[in-house]
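Contents: one structure, followed by commentary.
So that the names make sense, note that chain A is the first sequence line, chain B the second, and so on, each numbered from 1. Just so you know, these numbers use all the heavy atoms, side chains as well, and skip hydrogens, waters and symmetry mates.
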Amino acid sequence: MIRFLRIAGKRLLGAVPSLIGVIIVTFLLSHALPGDPAVLFAGPAADAASVAQVRAHLGLDHSLPQQFLTYVWQLAHGDLGQSLTTGQPVMTDLLQRLPASLELTLVALIFAIGVAVPLGIWAATRPNSWIDHLCRGTVTVAAAFPTFFIALLLVYVFYFLIPLAPEPVGRLNDVYFDAPTTITGFYLIDSILEGNWQTFGGALAQIILPAISLGLFALAPIARITRAAMLQSLASDHVRTARACGLSRRRILITYALRNAMLPVVNVLGMVFSFVLGSNVLIEDVYGWPGVGAYAVKAVISSDYAAVQGFILMMAVLYILLNLVVDLLSMVVDPRVKFEG
Amino acid sequence: MSAIMEAVRLVKRYPTGGGMLHAVDEVDLAIQPGESVGLVGESGCGKSTLVRLLGRLIEPTDGAIVFEGQDIAPVPLRRFVHDTARGRIQVVFQDPTESLNPTLTVFETVADPIRRLGTAGDRNALAAQVRKAIALVGLPPEMETRLPHQLSGGQRARVGIARAIALRPSLLILDEPTSALDVSVQAVILRLLADLRSELGMSYLFVSHDLNVVRLLCSRIVVMYLGKVVEEGPTEALFRDPRHPYTRALLASIPNPARRGQTPWRLEGSASSPIDPSPTVCRFYGRCPRQEDACAKTMPALRAVGSDGVHRAACHFAEETSA
Amino acid sequence: MSAAAMTDSVPLLTVDDLVLDFRTRSGTVHVLDGISLTLERGEILGIVGESGSGKSVLAYAMMGLLDPAARVPRGGIRFAGRNMLTESERALAETRGREIAMIFQSPRTALNPIRRVGTQVQDVLLRHANVSKKEARTRAIEALARVRIPDPERRFDAYPFELSGGLCQRVMIAMAMACNPYLLIADEPTTGLDVTTQAVVMDLIRDQVRSANASVVLITHDLALAGEYCDRIAVIHAGHIVEIGSTEAMLDSPKHPYTARLIGATPGGHESIDDLASIPGSLPDLRRDLPPCRFIDRCDRKLDRCAVDPLPAVAIGADHLVRCWNPL
Amino acid sequence: MSDTSLISRTRYALSENPMTLLAAILFALLIFCAVFGPLMAPYSPLLTNEGARMHPPSWLHLFGTDALGRDIFSRVLIATRLDLGMAISAVVISFVIGTALGAMAGYWGGWVDAIFGRVMDTIMAFPLFVLAMGIVAALGNNVTNIIIATAVINLPFYGRFARAEVNVRRDLAYVEAARMGGNGAVRILWGHIVRNILPVMLVQASLNMGWAILNAAGLSFIGLGVRPPTPEWGIMVSEGASYIFSGEWWTFVFPGGALVIAVFCFNLLGDGLRDIVDPRRRT
């Protein structure tokens, strides 16, 4: 356990360079690129004097390293600047919307893992059977659908054509339901904690379609790697040993094959996270989801720089944290990682 | 007679997380012209590192490598690659499958070193040299256009040898050249190597874990243990009268039907760590059947044990002949 | 099999005229053909052959661990009253690890890399020995101690990557011998190990099975190794057992030209490189239609009938059988 | 790889997985559309027609018309060149730069590798689509910048792959043998290592194409890069999305479908190529 904590600490430190890199890149994206942010901030109608004023106000008249230090100083104080569109601090805006996006992302991931891992195992235990081909075909097709397109299709089919799903108006249709009091910020969890099953049902109904839209693309990588890892594991020398020792089929399949196959699966989760987090941007708007993704899209269109920058930074930090979790998870699964670390 | 290749206090250390790994530790080794020297030791004893040092594939940490009268150790690898000496020291690698570029034909494989280092002028001269090398290792000419995956294990081994002798090196280092082959093929390759040596007058440094193979091919044997040479001497003397306990254990471990049912003393456990080993403790301490105080206090030096002066061992009790 | 090899009791293992093919995309591979042998209790039998001779497949067949692509058109394997080729997977699983066990080459990969080695021994005991978890642990530690693993309580919790190859092979032996099986099949157990470690591991295998009065089938390419440790040796060439007999008889007066060549090509026991014999040619392509004698293309003693008549089984002495029309 | 074995492996891969053949046909079709699309389109993609707004699919307008009365079939057809062009350019850029940098980092190691690793880590520290969005937002809203952004986020993909492949080969016996034979670093890297990993890298590129298409289309969908009225699949889906609740499905289904087919084709093609080039990696 102490060893685990020590290595966890080491990994946490290992994320620091990534964090520094991320901060530098977000800074460069706004400060060191062609185009004058002052002109943008001042708006299209501004004259030279007000542009200069804005420039001084934003500190853009200082040297680049100086601007960077100011930027880091502000970050350290949780200051991501002001949003032009909402007029609020970007930090406030993002924190307000983050739970919605996180909830959606996590539900999508659970959906993807919950479907893809069993599918992959199933296919691996019957390689080259029709089941295997069907699985492979299905996930290949699923992977070809752009997230935003699948989102539209699902709304069209399950709301417009066959009204099974509720109106895509965000996390909860406030005509019928009241939002649960904020405890975790996740409606599904908060409503359970409150014991408000009606709200839970309402929130669940709202989240199903967007979660499927987000998770569908992730099915393919997870299912494929599960299948491949499981096949490799089943064909490995140590599973042969387990069979030669007469261990039961169940024990061989679960303790000897599956546990070993989970390693590569855990490793692709990082990539899947990257995708699912990024795709929030594409589908939140379609479902009227009040998350950071929709916020970022609006900010991009209205050239709200501070907001875009804050969003990118927040997503990167989130992603680094998620990867850290993946890392720790793989340590739990594989003792070898601990010793290499 | 001056040695064709002489390593003087050759050292290779690698930095690792826990300290310096002493892969090769102050090794002296001389190979005379036309001589065939066997190098044996367990895996991890540093024999592969020594091969790479002498073959000039890695830079030594310290020491000299005198080849044909010149110290080539100070020449950086980057420059040595184009040196004329490069062609005169060649290595035949262990796994004949891994040592051939899968996309090159037999002809291209053998022609590569001639193109880079040889003197072949035009296309025809090059082809003639390649064909000569291919013929020398006993491959039929129609194999020229084959790719490695179309060859048998024995044929691949022959291609590897043809590539190494194409430049007529004076020293050929053979790194376990037959360990991946079946006995029937091994026998053929060993005989081929013996023939090539007398035909081309090369010196051999023959690395193997199989003492029986070394015995057949080499006139002198060097035994390594944990980065150090622990015993060296003429093959017959070493087999008849091993002076270092490790050599004895090694000889006693060779499978031998005549010993059926017996259980001689076995060398158990594994070697101590090669990372920052104590300079004052015998490397074999801890595994040796007779460890005495002296073994933990001073590192035994390699010294002559026989009257001939060529049989040398690094053990405090090397003078006591085995029963 | 010669009648003399049979004792009063039923042999522990009988392979009777076994024919085994692999169906592959490039045709049917005739891996084994007419394999017959018996194994008595307490006996160590070496099966020696070059790579591709079918010796490992024979070992797997004995365990009932055949690839799904394998077909057995003829013959059978009986072990302790069971037909290893026709029993259900469930029944075979009961037998494996309890009555018949196997160890493999490259012991590091043969052990589960992310499971503690002691737990892997414990798994076998829990499965077959009908003991509590705690008891299984105690017995697993005992098993590790029996194979002379130093400090077995501590090593119980080690992972394979923390142990040397030699120690991993000892763990494998401990696993295999944990339930005192009647038969241990060792498939090239020392390939990749240092020669000193090889000697230790082989001694250990021999001593373990001797004390348990178990039998061993040792699969190896090294005739000298088989010679040191086996009571009897079977030489296999391209899916045929060409000669089988007591170790002395096989090594001192080999009857099959292939055995003789094999002995001649083994580096030990020769004074000069010029004495080292070679075996011309290579194993035949087992996908083709093969002549009755599969050594015919490599043989310098072949007769006309070798290409026509089915292989004979010539008994020489009490316990020595050669399948050749023109034995030495 | 000999010709015979390549042919036999191709035949094997095709018989084993007939979808690869379908992919090859689709690929040919896509390339044909990209090259000849503008010549074949029945209408001008920008031609608005007040009298033919929101017509459902018919023989006159195979895919119907949009809110401005433009022929969706012509627009989808003509967009092929732009969508594939963006993806292919991005993949080529990241393939060439990524492979070169990765191979050098893998071969030389040391500080070259350390810097390379840091840069790749930094790119990978972002959710990739978010980074692409940021790059286009910062560099400016045009097609070139979509290509640059897509190339940048794909860079680690090739870089790391090439690095790993070179790294395992750098000390292989045949590479050491090449060193013994007097080959310098550049010759070894190119002639003996990269040439051997090129087929596998190309498979990666074809697997990556689908993703690059999705990425470029995704950026247009949220309003970055390509601007209306340029015909582009992502933007057309985005425009059609407004009519989802009035049931005019053809406005987004056809351009979306084109995207699906293109991505599906490249994914299948990559799988098939992998089966041929590198059967071990098959998943």
Practice problem: Could you tell me whether A:Gln232 atom CD has more than 12 heavy atoms of other residues or ligands within 6.0 Å of it? | Solution: no

Give the member of [options] that has the highest number of heavy-atom pairs under 4.5 Å with chain A.
options                                : value
D:Phe264, D:Phe126, D:Phe129           : D:Phe126
D:Gly247, D:Gly218, D:Ser246, D:Gly140 : D:Gly247
D:Ile213, D:Val119, D:Ile261, D:Val237 : D:Val237

Identify which part of [X] has an atom lying under 4.5 Å from any heavy atom of chain D, answering side chain, backbone, both or neither.
X        : value
A:Pro221 : neither
A:Phe160 : side chain
A:Phe273 : neither
A:Val286 : side chain
A:Val281 : both
A:Ile312 : both

Mind checking whether [X] and [Y] have side chains closer than 4.5 Å, heavy atoms only?
X        : Y        : value
A:Val25  : D:Leu131 : yes
A:Tyr319 : D:Val130 : no
A:Phe217 : D:Trp211 : yes

Exercise. List the steps, then state whether side-chain contact (heavy atoms from CB on, under 4.5 Å) holds for D:Asp271 with A:Arg136.
Key: CA-CA 11 Å; D:Asp271 279 349; A:Arg136 193 180 178 185; 4.0 Å; yes

Self-check item: Side-chain donor/acceptor of A:Tyr305 to backbone N/O of D:Ala137, under 3.5 Å
Solution: yes

Exercise. Just jot down the side-chain contact (heavy atoms from CB on, under 4.5 Å) partners of A:Pro166, sequence neighbours excluded, or say none.
Key: A:Ala205, A:Gln206

Inter-residue atom distance [X].[atom1] - [Y].[atom2], 0.5 Å rounding:
X        : Y        : atom1 : atom2 : result
D:Ile244 : A:Leu152 : CD1   : CG    : 4.5 Å
D:Asp121 : A:Ile320 : CG    : CD1   : 9.5 Å
A:Leu277 : D:Leu128 : CG    : CG    : 10.5 Å

Practice problem: May I ask you to decide if the ring planes of A:Phe148 and D:Phe221 are parallel, tilted or perpendicular, using 30° and 60° as cut-offs? | Solution: parallel

Practice problem: Looking only at non-hydrogen atoms, find the nearest pair between D:Leu214 and A:Ala144 and report the distance. | Solution: CD2-O, 4.4 Å

Quiz item: How close do A:Gly278 and D:Pro127 get, heavy atom to heavy atom, and via which atoms?
Solution: N-CB, 4.1 Å

Exercise. I would like to know whether A:Tyr156 and D:Val253 meet side-chain contact (heavy atoms from CB on, under 4.5 Å); could you show each step before the answer?
Key: CA-CA 10 Å; A:Tyr156 181 72; D:Val253 164; 5.6 Å; no

Practice problem: For the pair D:Ile222 and A:Val300, evaluate side-chain contact (heavy atoms from CB on, under 4.5 Å) and give the outcome as yes or no after the intermediate values. | Solution: CA-CA 9 Å; D:Ile222 60 170; A:Val300 162; 5.6 Å; no

